[in-house]
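Here is the structure we will look at, set down as structure tokens.
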Amino acid sequence: MALSRHIPITNELLFPAGAYAVGSVEQVVDFEASTREQKVRRTIATRSALWAVSVFDADPEARG
């Protein structure tokens, strides 16, 4: 079941031991608004750019 709104969460709650960015920061593609010819990179709700980066959890007990 998909959620219809965002869930507010802080970095401290999600990564209490910290997190490290791995890889590059990239804009997220809005697949619903994009076509084959033109990729749209914005959020549906705010129409502003949305960015994503992969992270490594610094918690030694976190699973791979």
Practice item. Flag yes if Val25 and Val55 sit in one hydrophobic cluster, no otherwise; membership is Ile, Leu, Val, Met, Phe, Trp, Tyr, and two members link when side-chain heavy atoms are under 4.5 Å apart. Key: yes
Check your understanding: Is it true that Leu13 and Tyr20 fall in one hydrophobic cluster, defined by side-chain heavy atoms closer than 4.5 Å?
Key -> no
Review point. Closest heavy-atom contact between Ala17 and Ala58?
Key: O-CB, 3.4 Å
Review point. Do Val22 and Val53 sit in the same hydrophobic cluster, where Ile, Leu, Val, Met, Phe, Trp and Tyr count as joined when their side-chain heavy atoms come under 4.5 Å apart?
Key: no
